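Quantities reported herein were computed from a predicted structural model and do not represent experimental measurements.
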Amino acid sequence: GYDVRWYAATKYEYKLNELKIPMFRFRKELDVTISDAETAFPERAKIKSALGRLRFDLEEFFIKRGPIYFEDIQKIYKTFPFDLFVSDIAFTGSIFVKQILKIPVIAIGVLPLIETSKDLAPSGLGLEPPTGWIGRLHYYILRMAVKNILLRRPNRLSHRLLEEKGINHQNTFLFDLIIQKSDYVLQSGAPGFEYKRSDMSNNIKFIGPLVYHGPAKRTDSWFDERLLNYEMIILITQGTIEKDPDKLLIPTLEALKDTGFLIIVTTGGSLTNELKSRYNQPNIIVEDYIDFNDVMPYADVYITNGGYGGVMMSIENRLPMVVAGVHEGKNEICTRVGYFKCGVDLKTETPDVKRIRSAVFEVLGNPVYKQNIDLLRNEFKCYNPAELFENYVTELTAQASEEKLNTRHAA
């Protein structure tokens with residue numbers, strides 16, 4: 001019964017049309033997603049450090065875009081006066097919607113929780129929780145250094161843009177701004193895949209894994225007879241953002257091509273034909289894209305650079321992992337995979353053949369990874385994300401309706 005419309009990049013138009021959801025397109029200068037980063041900002045490829053790339057992405061893809069997104073949304077609001085705004089946790093335009101339009105906001109946590117905590121290292125560095133008082137002291141110093149030195153420039157830029165719109169930021173660190181300025185942050189996943197925090201904000205609510213289960217009726221399911229002919233099946237991906245197969249795909253194929261395992265590679269559309277030609281063994285399948293709902297139930301190990309949605313699906317499918325990711329926040333995801341012993345974290349974007357092979361055999365030979373995956377999967381099953389989301393939406397829209405009514409009566 002809700003009128004739902006979507007503000008998004010043009011690349012999502014096909015999906016939204018399939019869902020019959022009306023779409024408002026990003027204006028031309030905003031019509032770039034992080035997957036187009038290297039094309040839109042060729043200078044980004046020259047930044048090799050995780051911190052340097054994080055700083056660049058924060059400024060160019062997120063902070064600077066917030067006020068411009070909001071200009072679009074203000075125009076949309078004139079013809080579509082929405083009662084609730086829902087966006088992902090990295091959409092910086094939501095702060096302006098909440099503070100200027102006075103519209104309730106729900107932020108969706110589609111990556112590990114980024115809120116600053118006195119119990120943890122600063123988000124973005126991919127560090128596990130501290131052990132002992134020395135570790136806690138070290139992380140305190142790190143938090144101060146990140147806020148006041150390492151990310152000082154993007155933090156100040158964020159504050160300046162808010163000040164220009166008359167929004168009080170109270171010197172809040174930029175990672176915490178959207179959390180504090182949202183009515184709810186609905187976090188994908190469950191507490192069992194998140195570090196313990198004694199100071200987590202009350203508006204953060206776990207709602208279980210947000211994963212794509214596919215349409216109710218499908219006529220194009222993927223299947224290959226070889227799935228039934230091999231004792232061990234390895235699924236490999238490095239997502240759609242990373243275009244360089246030499247980082248993970250090729251080293252993994254070299255590591256496992258002679259093992260007798262069935263190896264399934266999804267390339268995200270990068271150099272698929274070249275890889276098919278180079279690796280034409282009968283135990284290797286290379287495709288642009290395979291719906292993970294079709295292949296994960298058969299797999300024994302999932303090798304990935306750490307996309308959050310894929311990791312959530314891997315846990316849902318009781319599938320232990322080998323992870324190798326650093327940039328775009330993947331270090332935080334991969335570190336959690338290793339910390340909660342759901343797989344092996346290689347702690348690099350460019351693992352060598354020997355390390356990959358060793359990690360795969362470690363995961364296959366040690367039952368602890370499957371046991372921990374099973375525990376998390378059982379925790380995931382306690383949540384109904386759609387139902388929980390609807391409950392929070394109903395609560396906020398009811399409050400907004402009551403406030404509107406009270407305003408009219410007062411007038």
Check your understanding: Checking side chain to side chain contact (heavy atoms under 4.5 Å, CB included) against Trp222, which of Ile285, Asp291, Asn293 comes through?
Key -> Ile285
Review point. Out of Ile106, Leu84, Ile103, Leu396, which residue meets the side chain to side chain contact (heavy atoms under 4.5 Å, CB included) rule with Asp183?
Key: Leu396
Can any side-chain N or O of [X] pair as donor or acceptor with the backbone N or O of [Y] at less than 3.5 Å?
{"X": "Arg65", "Y": "Phe91", "answer": "no"}
{"X": "Arg44", "Y": "Phe56", "answer": "no"}
{"X": "Glu332", "Y": "Gly126", "answer": "yes"}
{"X": "Gln238", "Y": "Gly268", "answer": "no"}
{"X": "Asn372", "Y": "Val368", "answer": "yes"}
{"X": "Asn283", "Y": "Lys257", "answer": "yes"}
{"X": "Ser182", "Y": "Ile178", "answer": "yes"}
{"X": "Glu349", "Y": "His327", "answer": "yes"}
{"X": "Ser314", "Y": "Gly310", "answer": "no"}
{"X": "Lys205", "Y": "Asn202", "answer": "yes"}

Mind listing the closest non-hydrogen atom pair of [X] and [Y] along with its distance?
{"X": "Phe206", "Y": "Tyr383", "value": "O-CE2, 3.4 Å"}
{"X": "Pro385", "Y": "Leu210", "value": "CB-CD2, 3.7 Å"}
{"X": "Val353", "Y": "Pro251", "value": "CG2-O, 3.7 Å"}
{"X": "Leu376", "Y": "Gly192", "value": "CD2-C, 3.5 Å"}
{"X": "Leu235", "Y": "Ala299", "value": "CB-CB, 4.2 Å"}
{"X": "Leu256", "Y": "Ile263", "value": "O-CD1, 3.2 Å"}

Can you find a pair of side-chain heavy atoms, one from [X] and one from [Y], that are under 4.5 Å apart?
{"X": "Val311", "Y": "Ile315", "value": "yes"}
{"X": "Leu364", "Y": "Phe261", "value": "yes"}
{"X": "Val337", "Y": "Val344", "value": "no"}
{"X": "Leu319", "Y": "Arg377", "value": "no"}
{"X": "Ile236", "Y": "Thr304", "value": "no"}
{"X": "Val265", "Y": "Thr237", "value": "no"}
{"X": "Tyr2", "Y": "Val393", "value": "yes"}
{"X": "Val295", "Y": "Phe223", "value": "no"}

Review point. With under 30° as parallel and over 60° as perpendicular, where do the rings of His169 and His159 fit, or are they tilted in between?
Key: parallel
Practice item. Classify the ring geometry between Tyr392 and Tyr184 as parallel (under 30°), tilted (30 to 60°) or perpendicular (over 60°). Key: tilted
Point to revise | Among Asp199, Thr172, Asp176, the one residue meeting side-chain hydrogen bond (donor to acceptor under 3.5 Å, both in side chains) with Thr116 | key: Asp176
Using 4.0 Å as the upper bound for N to carboxylate O, is an ion pair formed by [Y] and [X]?
{"X": "Lys347", "Y": "Asp345", "value": "yes"}
{"X": "Asp57", "Y": "Arg55", "value": "no"}
{"X": "Glu71", "Y": "Arg27", "value": "yes"}
{"X": "Glu274", "Y": "Arg278", "value": "no"}
{"X": "Arg153", "Y": "Glu59", "value": "yes"}
{"X": "Asp119", "Y": "Arg197", "value": "no"}
{"X": "Lys64", "Y": "Glu60", "value": "yes"}

For the atom pair [atom1] ([X]) and [atom2] ([Y]), what is the distance rounded to the nearest 0.5 Å?
{"X": "Leu346", "Y": "Ser358", "atom1": "CG", "atom2": "OG", "answer": "9.0 Å"}
{"X": "Glu115", "Y": "Ile89", "atom1": "CD", "atom2": "CD1", "answer": "9.0 Å"}
{"X": "Asp224", "Y": "Tyr298", "atom1": "CG", "atom2": "OH", "answer": "10.5 Å"}
{"X": "Asp246", "Y": "Thr350", "atom1": "CG", "atom2": "OG1", "answer": "10.5 Å"}
{"X": "Glu390", "Y": "Asn384", "atom1": "CD", "atom2": "CG", "answer": "9.5 Å"}
{"X": "Ile141", "Y": "Arg136", "atom1": "CD1", "atom2": "CZ", "answer": "13.5 Å"}

Point to revise | Test side chain to side chain contact (heavy atoms under 4.5 Å, CB included) applied to Ile114 and Phe173, step by step | key: CA-CA 11 Å; Ile114 63 173; Phe173 183 49; over 6 Å; no
Exercise for review: Would you confirm whether the ring centroid of Phe193 sits within less than 6.0 angstrom of the ring centroid of Phe380?
Suggested key: no
Exercise for review: Using the side chain to side chain contact (heavy atoms under 4.5 Å, CB included) rule, take Lys276 and Thr272 through it: C-alpha gap first, then chi angles, then the decisive distance, then the call.
Suggested key: CA-CA 6 Å; Lys276 280 185 176 182; Thr272 304; 4.1 Å; yes
Exercise for review: Take Leu262 and Asn229, measure what side chain to side chain contact (heavy atoms under 4.5 Å, CB included) needs, and give me the verdict at the end.
Suggested key: CA-CA 9 Å; Leu262 179 63; Asn229 299 332; over 6 Å; no
Review point. What do the steps show when you test Val146 against Leu125 for side chain to side chain contact (heavy atoms under 4.5 Å, CB included), and what is the final call?
Key: CA-CA 10 Å; Val146 166; Leu125 301 185; 4.2 Å; yes
**Study point:** Chi angles and distances behind the ring-ring contact (aromatic ring centres under 6.0 Å, His included) call for Phe26, Tyr69
**Key:** CA-CA 8 Å; Phe26 285 175; Tyr69 286 135; 5.1 Å; yes
**Study point:** Heavy atoms from other residues, nucleotides or ligands near CD of Gln281 exceed 12 (cutoff 6.0 Å)
**Key:** yes
Review point. Would Arg336 count as a cation-pi partner of Tyr195, with NZ or CZ less than 6.0 Å from the six-membered ring centre and within 45° of the ring normal?
Key: yes
Practice item. Using ring-ring contact (aromatic ring centres under 6.0 Å, His included) as the criterion, point out the one residue from Phe24, Tyr7, Phe96, Phe82 that pairs with Tyr77. Key: Phe82
